[in-house]
Amino acid sequence: MIELSSRFNFNEVDAKWSRYWVDNNLFHAEVNPDKKPYTVVIPPPNVTGILHMGHALNNTLQDIMVRYKRMRGFEALWMPGTDHAGIATQNVVERQLSKEGKTRHDLSREEFLERLWAWKREYGDTIIHQLKKLGASCDWPRARFTMDEGYSQAVRSVFIRLYKKGLIYQGEYIINWCPRCQTALSDEEAEHRDLQGNLYHLRYPLKDDPRQCIVVATTRPETMLGDTAVAVNPKDKRYKKYAGKTLTLPFVDREIKVISDECVDPKFGTGAVKVTPAHDPNDFAMGRRHKLEFVNVMRPDGVLNQRAGKFEGMDRFEAREAIVEELRQLKLLEKIEPHTHAVGHCYRCHTVVEPYLSKQWFVRMGPLAKPAIEAVRKGKIKFYPSRWTKVYLNWMENIRDWCISRQIWWGHRIPVWYCIGEGKCTLKCKEPIVSETTPTQCPHCGSGNLKQDEDVLDTWFSSWLWPFATFGWPASGKKDWDYFYPTASLFTAPEIIFFWVARMIMAGQEFMGDIPFKDVYIHGTVRDAKGRKMSKSLGNAIDPLEIIKEYGADALRYSLIINSGQDLFISKEKFEIGRNFANKLWNASRLILMNVKDPDIDVDLAKFDRKTLDLPSRWIIARFYATLEKVGTANEHYRFSEAENLIYEFFWGNFCDWYLELIKDRWADPAIQKIAFGVLRDTLKMVHPFMPFVTEELWEKTGKEKGPLCRQGWPVVSKKLIDKSAEKQMQTLMALVAAIRNVRSQWNVNPAEQIECHLVTTSAKDAALIKENTAVLKQMARLGDTRIAGPNSGKVKNAVTVLSGDIKCVIPLGEVIDVDKEKKRILNQVQEQKKALGALAQRLRNKEFLKKAPAEIVAREKERLTLLNTRVTELKQVIASLE
RNA sequence: GGGCGGUUAGCUCAGUCUGGUUAGAGCACUUGAUUUACAUUCAAGGGGUCGUUGGUUCAAUUCCAGCACCGCCCACCA
């Protein structure tokens, strides 16, 4: 007999097993020709990351699948690691510096990077430790970092391949510029948010006749200093007479032309657009078309430069106010209209991004997107839920080139050098030298004076290689990727589809010649009870580590997953369900262990012969296997909340509330011990992927001869033990018990008190069933002397007599089983009528029949149909009246 | 502007794909239980015209269309 405390002490158990699993390297996977691989790569959290609910959900989902597949006999590998997260990490260290009153420019590049690496060494594993607390069954020794040595090799190699193919180019374009981070951002990194702004109507006077003006509308008046034209639609009659005319740009006194361009929408604003080719992507395109001058009026920090004339040195928003005010005084401000529009914000620091002209590196996406679209179209890659397929395809079909250079220091430096050898240089020396290794001299002039490109690559330019770079690609030697690639499933959040999922699909096909994963599971967003995204700044975040401390890791996992059908609305109380269920598992096991003489008995549920078992035992085993089968199917289809619901219903609703109650007085029976013990052990296996800690602990308590639970096999469904008739019979008995309990409750009979009962049923079968199972009624409904009468056994029909003290009552069996019988009989009729209905309706839909048959027959059939339907309705009413 | 998702009990959600049993669960609520695995428990109960209007059908919470409200994503209307 084993003594256990009556509370599941999760803190102790969590710590014990997360250490045990890791210390014993139980999640290690390697190339194994005897097994099929099942590979998942973790979405690498940022090294700056601290576990939040989104991580907890994402990683629990992965862990469930990986543990499940491992138990199903796959060589299951969950590849862990972290992402260097360029801007985010640099920002953290810059904040540190600013506390010392410094900026990164007070340090050399090398010194700054040393600070970054020091930070990474100190704090970079924080999230890894936290994932271990969650129970993540990653192959930890394999953990990779997107800036470790081998990974850098992969990044360089990819850059060079793409460059050689002409898919990487450098050029001056309008990109999203964050004036705070002072770097370019990709389109995906600029988050658009609706802002209440203004539409300013400005007057630009004609050079020849300054009393006449063209009115242009803009949301960013400060950019007017960089205007080099005004554009109108060639079809716009209002402006026909102005085409080709010259205007004088206020403040800078530049002469600018009125040009005609199709892309101007006559309906918006005034129909005349100020053209600022250096500060707007549309205007940039127009500037190219009309060979306009590109005037950049802003410094990289968002302050106006010397080309802004008297406004030089003003911040862009300050300048906006100043310019508007001065225009007003010059009577060149027509009006200001309120105007809501989407404004891009830096996804890291939330500063308003500036469309800014600068020289950057780009990846040409069209050719890469093509096979990636095909792979999803043809179903080689599937999204779960499938509706995300459309989102993906829509984006891919409208994909734009990817700006990959960043003006920061933390990241993979662009493997490009420029020759600055003086004097001897040839024309060719102006070409960038793209090289996998650091070149020592210029290939054209032989000068050793080379300078590497200052910029680093977008973080995602390394992340998109994750599914194969983590396996050592492209280094020679141990080619783990041959075995583990392509991976099986990817688990991620919707907002990552464009950043990462799509790009991995492109990279996989381009560099490996194969898709990176077969399934993409997109999970919901974790929100607070009011539906707002959880975030530190809102202060509405619930810390998963706090939940682990207060409720246990299993509770956290279980509660998140059971709510994970769609977006999750989380409050602290939602975690009680997991805590309660873990505790239920604990206490039910405790009960069994207190009663099972030999906790090392070896029980194989599948070997029971159902002929030798009593009804409740047949039933509970049938319920177990039916549940097991459904849980397996749900897991395979990524329907984890459904799986948890099934488990909950089975273990709590069937096993604890009924079976364990039923056998309460029968523990002396070794057969009963074996069944309870067997069901428990197999349940622990089934639950383990969802709640690894409590199940592992209980598994150990139920006999450790087989080694840790996480390496056990998943129970095999025994179809022959799914006993349908046992399930039906138990349902009948359970309904009877419920009905009697109802009566007792209404009569306020003390639950401990036994009552006599006289049961009458119209069905001989039921009478026999009850007779054989009076023990069930006795135990569950506290029936004392019970007389059961079958049909024709007396005058009392369809009634139950309940004697309780001096209360004696005969009630119709309406609430008990006979009503069930009566209902069933009628329902059968209903079903039959419906079958007839279906057939008839189908016949009437058949055109041949309608053509051939005489009109009166058709009419008669139709009438019959109506009659049948009326009959069905009537029958339903009868059922209702039986209530 | 385009696209997607949602609307079912007081709250959070299943179910609807494949139309037809008595529309389910958890929480909350009401009543009762307590030496006997668990009050993180057990039993019983109340509570829903399934957003709205039409259509298809013998039959619609379920299929179709319109509408309303809520949410999300994408988009260069300056």
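In this text, all values refer to a predicted model and were calculated from it rather than measured experimentally. Proteins get letters first, then strands, A, B, ... in listed order; numbering begins at 1 in each.
Among the heavy atoms of the strands lying under 4.0 Å from R7(A) is at least one base atom, whether or not backbone atoms are also near. Counting any heavy atom pair closer than 4.0 Å across all strands shown, R639(A) reaches no nucleic acid atom. F569(A) comes within 4.0 angstrom of the backbone, heavy atoms only, and of no base.
Under 3.5 Å, the side chains of N176(A) and D187(A) contain a donor-acceptor pair of N or O atoms. Counting only N and O atoms by type, the side chains of E189(A) and Y347(A) include a donor and acceptor under 3.5 Å apart. In this model, a donor atom of one side chain and an acceptor atom of the other lie less than 3.5 Å apart for D227(A) and Y204(A).
Which of A44(B), A78(B), U12(B) sits closest to the side chain of N563(A) comes down to U12(B). Side chain of Y648(A), nearest nucleotide from A44(B), G26(B), C38(B): G26(B). Taking the side chain of A342(A) as heavy atoms from C-beta on, and the options A78(B), A75(B), C73(B), the nearest nucleotide is A75(B). Looking at the side chain of D657(A), the nearest of the listed nucleotides C38(B), A78(B), C42(B) is C42(B). Each of C77(B), G3(B), C76(B) was ranked by its minimum atom distance to the side chain of N282(A); first place goes to C76(B). Listed nucleotides U41(B), C13(B), U12(B) differ in distance to Q566(A); the shortest reach to its side chain belongs to C13(B). Side-chain atoms of M594(A) lie closest to A37(B) of the nucleotides C42(B), A78(B), A37(B).
If you take atom C1' in A9(B) and the same atom in G51(B), they sit 15 Å apart, rounded to whole Å.
Rounded to whole Å, the distance from CZ on F651(A) to P on A37(B) is 15 Å. Rounded to a whole Å, the NE2 atom of H192(A) is 18 Å from the P atom of G1(B). Between W388(A) atom CH2 and C72(B) atom P there is a gap of 12 Å when expressed in whole angstrom units.
Distances shown here put every side-chain N or O of N587(A) at or beyond 4.0 Å from the OP1 or OP2 atom of U41(B). Residue K584(A) places no side-chain N or O under 4.0 Å from the OP1 or OP2 atom of C38(B). Applying the 4.0 Å criterion to OP1 and OP2 of G26(B), one finds that N645(A) has every side-chain N and O outside that range. Within the structure, every side-chain polar atom (N or O) of R527(A) is placed at least 4.0 Å from both OP1 and OP2 of G71(B). Between H279(A) and A78(B) there is no side-chain N or O to OP1 or OP2 distance below 4.0 Å.
For the side-chain contact (heavy atoms from CB on, under 4.5 Å) with V230(A), the qualifying choice from I259(A), I214(A), V273(A) is I214(A), the only one to do so.
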